[in-house]
2 protein chains.
Amino acid sequence: MTTARTDDAMLRERGLRVTGTRLAVLRALDEHQHATADDVVQAVRADLGSVSVQAVYDCLHALTSAGLLRRMEPAGHAARYERRTGDNHHHVVCRSCGAVADVDCTVGHAPCLTPSASHGFAVDLAEVTFWGLCPACAADPVPAARTSGTTL
Amino acid sequence: MTTARTDDAMLRERGLRVTGTRLAVLRALDEHQHATADDVVQAVRADLGSVSVQAVYDCLHALTSAGLLRRMEPAGHAARYERRTGDNHHHVVCRSCGAVADVDCTVGHAPCLTPSASHGFAVDLAEVTFWGLCPACAADPVPAARTSGTTL
DNA sequence: GGGCTTTACTGGAATCGTTCCAGAAAGTGT
DNA sequence: ACACTTTCTGGAACGATTCCAGTAAAGCCC
């Protein structure tokens with residue numbers, strides 16, 4: 001893992017204290033991209049022995065607002081966290097199991113992501129979510145959830 | 001309201017029973033586009049006198065899966081429902097107060113909405129959410145929430 | 001490397017939106 | 001009208017997340 005020493009530096013750079021819990025959270029997210037808060041709790045416990053749920057939530061919030069983590073919350077599923085930040089990437093979410101995968105923006109920078117009429121809103125960010133079925137769920141029929149959006 | 005008689009027909013067309021609650025829910029959403037479940041409960045109570053929260057949730061689900069309503073759930077806020085369905089429109093969400101406004105797709109049909117690599121997912125729908133501040137919140141400084149995505 | 005200040009972590013209770021349950025009530029086709 | 005569904009009521013339960021007050025650890029200064 002080449003990230004151990006780097007994580008330490010990253011935390012300091014952003015003025016965050018370096019604690020075992022924070023490093024363990026970052027490590028957990030290196031191994032499980034798109035992990036839920038609960039996944040992270042499990043991973044950190046496996047790593048450090050024990051942590052409170054709140055400590056993990058605190059870390060996730062601290063790291064997210066420091067820009068080291070990105071949080072995404074697919075409708076109807078628990079929030080997921082990932083380490084890829086600052087790049088133009090979007091997500092495919094499985095309707096059935098909630099699995100998430102990254103999707104790189106086809107066209108260069110934010111393509112169609114400038115709203116035509118923004119109704120006076122000061123827009124600073126665009127988020128694209130693709131909905132569908134992951135290979136596993138497509139193969140094996142399981143009840144699906146309902147959400148709506150742009151039909152392709 | 002020209003929709004009263006039409007709503008009745010729309011429900012029958014989709015094989016749904018026509019009940020006072022359902023009509024009231026549809027009426028409520030004519031008046032408050034992007035209403036939350038709770039807003040709808042309030043509106044229906046003002047209209048019919050009383051309803052249980054569950055009756056409203058049942059209606060919202062029934063109408064949503066019949067395609068008469070569209071459900072959207074901005075991360076960190078309660079779900080919102082709207083009557084515009086089947087068209088390519090997206091949303092701007094206010095980080096501070098959660099207000100939602102419609103945004104029409106600039107470019108014709110689903111523009112950059114075909115994921116480059118879909119990781120084997122059977123994608124059927126793309127959803128675009130713009131994040132920012134509504135005019136009211138931009139004017140008057142209130143603590144904001146944190147979410148992350150594609151920076152414009 | 002000892003103290004002091006600041007920030008993180010613990011455990012438990014509380015919140016919010018939503019769903020589940022069983023029974024009563026109302027809509028629909030014949 | 002009648003029987004058959006489907007919907008509505010009220011209350012309890014749920015999962016994810018947050019709030020709270022107290023304790024423990026990290027960083028900084030000398």
Side-chain angles (χ1 to χ4, degrees), chain A residues 7-9 11-26 34-42 44-45 47-66 68-69 71-81 97-98 143 145-147, chain B residues 7-26 34-42 44-45 47-66 68-69 71-81 97-98 100 143 145-147:
Chain A
D7 287 347
D8 185 296
L11 288 168
R12 283 178 212 282
E13 264 169 38
R14 320 267 169 153
L16 293 177
R17 294 199 172 165
V18 180
T19 69
T21 312
R22 289 182 175 172
L23 292 172
V25 166
L26 289 172
H34 305 124
T36 62
D38 192 60
D39 293 337
V40 176
V41 171
Q42 304 307 316
V44 174
R45 284 192 179 147
D47 189 349
L48 301 184
S50 80
V51 234
S52 63
V53 180
Q54 293 65 15
V56 171
Y57 274 104
D58 281 354
C59 283
L60 291 171
H61 287 160
L63 296 172
T64 302
S65 42
L68 294 177
L69 251 45
R71 177 183 207 264
M72 64 134 348
E73 191 177 333
H77 297 276
R80 286 163 180 273
Y81 297 85
C97 67
R146 13 70 200 131
T147 315
Chain B
D7 287 346
D8 185 295
M10 280 178 147
L11 287 168
R12 282 178 211 283
E13 264 169 38
R14 319 268 168 153
L16 293 177
R17 295 200 172 166
V18 180
T19 68
T21 313
R22 291 182 173 171
L23 293 172
V25 166
L26 289 171
H34 306 122
T36 61
D38 191 61
D39 293 338
V40 175
V41 170
Q42 303 308 315
V44 174
R45 284 193 177 145
D47 189 350
L48 301 184
S50 80
V51 236
S52 63
V53 179
Q54 292 65 14
V56 172
Y57 275 105
D58 282 352
C59 284
L60 291 171
H61 288 162
L63 297 173
T64 302
S65 42
L68 294 177
L69 250 44
R71 177 182 207 262
M72 65 138 341
E73 190 178 333
H77 298 276
R80 285 160 181 277
Y81 297 84
C97 66
V100 174
R146 10 73 202 127
T147 317

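FYI, side chains are in, hydrogens and waters are out, and symmetry mates aren't considered; it's all heavy atoms of this structure. Predicted model only: the values in this text are computed from it and were never measured.
- Whole-Å rounding puts the B/Asp8 CG to C/dG27 P distance at 12 Å.
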From CA spacing to verdict: side chain to side chain contact (heavy atoms under 4.5 Å, CB included), A/Leu69, A/Leu26 | CA-CA 9 Å; A/Leu69 251 45; A/Leu26 289 172; 3.7 Å; yes

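- In this entry the distance linking OH of A/Tyr57 with P of C/dA14 reads 19 Å, nearest Å.
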Base-contact (B) and sugar-phosphate-only (S) positions in nucleotides 4-10 of chain D, heavy-atom cut-off under 4.0 Å, - elsewhere | -BBSSBB

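- Of all heavy-atom pairs spanning A/His77 and A/Glu73, the tightest one is O-CG, 4.1 Å.
- With rounding to whole Å, B/Glu73 atom CD is found 13 Å from C/dT19 atom C1'.
- For B/Ala37, the side-chain atoms get nearest to C/dT18 when compared with the rest of C/dT18, D/dG27, D/dT17.
- Heavy-atom minimum distance, B/Arg17 versus B/Arg22: O-NH1, 3.1 Å.
- Taken to the nearest 0.5 Å, the OG atom of B/Ser65 stands 7.5 Å off from the CG atom of B/Leu16.
- Atom NE2 of A/His77 is separated from atom P of D/dC14 by 21 Å (rounded to the nearest Å).
- Rounded to whole Å, the distance from CG on A/Leu48 to C1' on C/dT10 is 15 Å.
- Considering only side-chain N and O atoms, A/Arg12 lies under 4.0 angstrom from the phosphate OP1 or OP2 of D/dG27.
- Nearest heavy atoms, B/Ala55 versus B/Thr21: CB-CG2, 4.5 Å.
- Atom CG of A/Leu26 and atom P of C/dA8 are 14 Å apart (whole Å).
- Whole-Å rounding puts the A/Leu63 CG to C/dT7 P distance at 16 Å.
- Contact record, B/Ala37 with B/Val56: O-CG1, 4.1 Å, taken as the closest heavy-atom pair.
- Rounded to an integer number of Å, the gap from CG of A/Asp39 to P of D/dA16 is 10 Å.
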